[in-house]
Amino acid sequence: MEAKKSSGKQVVAILLLVIGLAAGVFGVLGLVGGGGMDPYEARNGVVYIYSVAYNDQGQSEAGWGTGWAIGKPGEPVQYIVTNGHVVERAYAYPKQYANITGDLKVYFSAAENDFVAGQVVYYSGFNEKDIAIIKLPSATDKRTALRLRSSSDVKVGETVYALGYPGTATVGQDFKTFDQDDITLTKGVISKKMTPSFSTYDAFQMDTYISGGNSGGPLVDENGFVVGVNSAGIEASGIDIGMNYAIVADELIKILDSERIEYTMAGGGVSWAQPWFAYVFLPIGVLALAGGIILLVTSQKNGQGAPVAAGAAAGMGSGKAPARGGRGPVEKRAVLRGVTGKYSGQSFDLLKGKVVIGRDPATCNIVFDKNTPGISGRHCQVVYDPNEDCFIITDLGSSYGTFLGNGKKLTANVAEKLSTGDTFYLCDNANRFVVSKE
């Protein structure tokens with residue numbers, strides 16, 4: 001009978017080992033895969049660009065557009081991509097007219113007057129490649145670099161998303177903050193690849209609506225990879241007729257190579273592997289492998305030794321008294337608890353899954369009022385890792401930062417481990433939380 005039990009355990013152990021190895025492979029693919037993200041998260045790389053020209057009479061002509069960061073994801077960025085016509089007033093006008101001066105600002109949040117002066121290091125006008133590259137005074141972690149995808153891989157009919165600050169998005173509203181929460185995400189499909197009659201660049205024609213202010217923003221695929229630079233939309237009597245264009249990413253890649261400006265391509269792994277694979281499959285793989293090894297070892301021991309006496313199983317004769325009342329130790333819950341602010345004194349069970357904090361009720365489960373200062377739409381998230389017995393916090397590209405209790409500012413989209421009793425706060429101490437076991 002014992003031999004049969006041992007044999008059964010060995011079969012289960014082998015199955016667990018196989019499951020563990022398979023889950024581990026998927027988890028590793030998530031870590032080293034294509035580096036994709038939800039298109040919504042690509043907003044963490046987008047900025048607002050304000051371009052103005054002044055004449056010697058004190059008169060001005062201004063316009064705005066959208067730009068986005070390139071470089072290495074997870075590292076500070078110093079270069080911004082946009083359209084040539086977005087920076088034309090600040091850059092080209094002063095070169096054409098002696099009495100004109102220009103001013104170019106890159107905003108992280110106009111509401112907080114958070115901006116830097118930009119320097120155009122590459123320029124091609126609207127009728128040419130319509131691409132400009134802006135260099136910031138110093139590298140910043142307020143935005144994260146987006147990955148590029150070669151246009152040769154993009155198929156007609158593929159779903160794409162345009163991100164930016166379209167001029168019609170805030171019509172009728174009494175405010176324009178131009179921070180990450182104002183960035184729009186517009187869905188469409190690729191219609192064809194062609195060269196517009198008004199330019200020399202290769203472009204995707206699509207039904208994704210492009211309006212003034214959206215120019216220069218990234219066109220991303222369903223994995224958040226940039227496949228194009230939004231450039232133009234054609235209307236008839238104020239109605240979009242579906243003729244919207246984005247410069248293909250390959251045009252930009254050629255320029256970046258010639259200017260020796262660093263960028264990151266999609267890939268480097270399996271294109272369909274997603275980052276969440278690591279969070280889901282790695283824990284499953286570890287647990288399955290551990291269970292399989294334990295079962296395999298115990299089945300071998302039981303198969304070689306004598307049956308365990310009933311008294312010994314109950315703790316009899318071992319010098320240890322059996323547990324009283326038939327109950328083991330009470331397992332503590334992993335919780336997130338508010339210390340100050342709106343959620344002071346409230347606890348949230350992290351064993352039920354991750355907690356996302358922010359102002360967007362559609363994607364957050366700890367939701368702040370829309371006018372709460374310093375809190376972004378999706379500010380940060382907290383999860384509990386039972387395998388490591390630790391808490392993990394990640395800033396989701398917030399405008400004003402997530403800070404640990406010691407004042408350290410988190411890098412956007414880079415996970416940080418917390419221990420029981422550690423605190424963190426959003427923007428300032430007015431909204432502080434603590435992680436603990438209760």
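- In this structure, Arg147 and Met265 approach most closely via the heavy-atom pair NH1-O, 3.7 Å.
- A donor-acceptor pair is defined here as one N or O able to donate and one able to accept, closer than 3.5 Å; no such pair exists between the side chain of Thr159 and the backbone of Val189.
- For the atom pair CD1 (Ile80) and CD1 (Ile49), the distance works out to 7.0 Å, reported to the nearest 0.5 Å.
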**OP:** Take Ser231 and Tyr201 through the side chain to side chain donor-acceptor pair (under 3.5 Å) test and state the conclusion after the steps.
**Re:** CA-CA 10 Å; Ser231 57; Tyr201 57 75; 3.1 Å; yes
**OP:** Please step through side chain to side chain contact (heavy atoms under 4.5 Å, CB included) for the pair Leu350 and Val355, ending with a clear verdict.
**Re:** CA-CA 7 Å; Leu350 291 173; Val355 169; 3.5 Å; yes
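- Classification of the Tyr48-Tyr107 ring pair by plane angle, with boundaries at 30° and 60°, yields tilted.
- Here Lys342 pairs with Asp369 under the salt bridge (charged side-chain N to carboxylate O under 4.0 Å, His left out) rule; sequence neighbours left out.
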Let me check something: any side-chain donor-acceptor pairs from residues 66-74 under 3.5 Å, sequence neighbours excluded? List them with distances.
residue, atom, partner, partner atom, Å
Thr66, OG1, Tyr165, N, 3.0
Thr66, OG1, Gly213, O, 2.7
Trp68, NE1, Gly216, O, 3.1

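- With contacts defined as side-chain heavy-atom distances shorter than 4.5 Å, the pair Asn55/Tyr97 does not qualify.
- For the pair His379 (side chain) and Val356 (backbone), a donor-acceptor distance under 3.5 Å is absent.
- To the nearest 0.5 Å, atom OG of residue Ser151 and atom CD1 of residue Ile253 are 7.0 Å apart.
- Taking the side chain to side chain contact (heavy atoms under 4.5 Å, CB included) definition, one finds that Glu88 meets it with His85, Ala92, Tyr93, Tyr123, sequence neighbours left out.
- Counting heavy atoms from C-beta outward, Asp389 and Lys437 have side chains that approach closer than 4.5 Å.
- With salt bridges taken as basic N to acidic carboxylate O contacts below 4.0 Å, none links Lys142 and Glu112.
- Residues Ile133 and Leu256 are in side-chain contact: their nearest non-hydrogen atoms beyond the backbone lie under 4.5 Å apart.
- Within the model, atoms OH of Tyr384 and CG of Asn387 stand 9.0 Å from one another, a figure rounded to the nearest 0.5 Å.
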**OP:** Would you check, one step at a time, whether the test side chain to side chain contact (heavy atoms under 4.5 Å, CB included) holds for Arg43 with Leu163?
**Re:** CA-CA 7 Å; Arg43 303 192 315 166; Leu163 290 91; 3.5 Å; yes
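- Under the rule for a side chain to side chain donor-acceptor pair (under 3.5 Å), the partners of Tyr263 that lie at least two apart in sequence or sit in another chain are Asp257.
- With Lys129 contributing its side chain and Thr200 its backbone, the two residues share a donor-acceptor pair below 3.5 Å.
- Side-chain contact annotation: Tyr161 with Asp221, donor-acceptor N/O pair under 3.5 Å absent.
- Closest heavy-atom contact between Gly338 and Phe433: CA-CD2, 3.7 Å.
- For the salt bridge (charged side-chain N to carboxylate O under 4.0 Å, His left out) test, no residue two or more places apart in sequence or in another chain qualifies with Asp250.
- Atoms OG and CG, from Ser124 and Asp130 in turn, are 7.0 Å apart once rounded to the nearest 0.5 Å.
- Atoms CD1 and OH, on Ile100 and Tyr54 in that order, are 11.5 Å from each other to the nearest 0.5 Å.
- Pairing each heavy atom of Asn429 with each of Thr340, the nearest pair is O-OG1, 2.8 Å.
- Across all their heavy atoms, Met206 and Ile190 have their closest contact at CB-CA, 4.3 Å.
- For Thr144, the side chain to side chain contact (heavy atoms under 4.5 Å, CB included) test picks out Asn44, Asn413, with sequence neighbours left out.
- No donor-acceptor distance shorter than 3.5 angstrom exists from the side chain of Asn99 to the backbone of Gln57, with no hydrogens or angles considered.
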Original post:
Given Ser258 and Tyr122, is the side chain to side chain contact (heavy atoms under 4.5 Å, CB included) satisfied, shown in steps?
Top reply: CA-CA 10 Å; Ser258 66; Tyr122 176 87; 5.5 Å; no
**OP:** Show the numbers, then the answer: is there a side chain to side chain donor-acceptor pair (under 3.5 Å) between Asn230 and Tyr245?
**Re:** CA-CA 6 Å; Asn230 303 325; Tyr245 303 97; over 6 Å; no
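- The backbone N or O of Leu351 sits less than 3.5 Å from a side-chain atom of Asp349, completing a donor-acceptor pair.
- Under the ring-ring contact (aromatic ring centres under 6.0 Å, His included) criterion, Phe368 pairs with Tyr343, sequence neighbours left out.
- Residues forming a side chain to side chain contact (heavy atoms under 4.5 Å, CB included) with Ser347 (at least two apart in sequence, or on another chain): Arg337, Glu438.
- Checked options Asp141, Asp395, Thr402; the residue passing with Lys409 is Asp141 (criterion: side-chain contact (heavy atoms from CB on, under 4.5 Å)).
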Original post:
side chain to side chain contact (heavy atoms under 4.5 Å, CB included) between Phe108 and Thr140: does it pass, once the steps are laid out?
Top reply: CA-CA 10 Å; Phe108 304 109; Thr140 178; 4.0 Å; yes
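- Applying the side chain to side chain donor-acceptor pair (under 3.5 Å) rule to pairs touching residues 414-428 yields Lys408-Glu416, Thr423-Arg432, sequence neighbours excluded.
- Taking the side chain as every heavy atom from C-beta outward, Ile247 and Leu252 never approach each other to under 4.5 Å.
- In terms of heavy atoms, Ala132 sits closest to Asn83 at CB-O, 3.7 Å.
- Rounding to the nearest 0.5 angstrom, the gap separating the CD1 atom in Ile375 from the CD1 atom in Ile366 is 11.0 Å.
- In this view, Phe204 satisfies the ring-ring contact (aromatic ring centres under 6.0 Å, His included) rule with no residue, not counting sequence neighbours.
- When the salt bridge (charged side-chain N to carboxylate O under 4.0 Å, His left out) test is applied to Arg378, the partners found at least two apart in sequence or on another chain are Glu41.
- Residues Leu404 and Leu418 have side chains in contact (heavy-atom distance under 4.5 Å, counting atoms from C-beta outward).
- For Asn127, there are no side chain to side chain contact (heavy atoms under 4.5 Å, CB included) partners two or more places apart in sequence or in a different chain.
- A heavy-atom distance below 4.5 Å is found between the side chains of Tyr400 and Ser109.
- Nearest heavy atom pair, residue Ser376 against residue Ser399, reads OG-N, 2.9 Å.
- A side-chain contact (heavy atoms from CB on, under 4.5 Å) with Leu148 holds for exactly one of Thr264, Val226, Val81, Val227; it is Val226.
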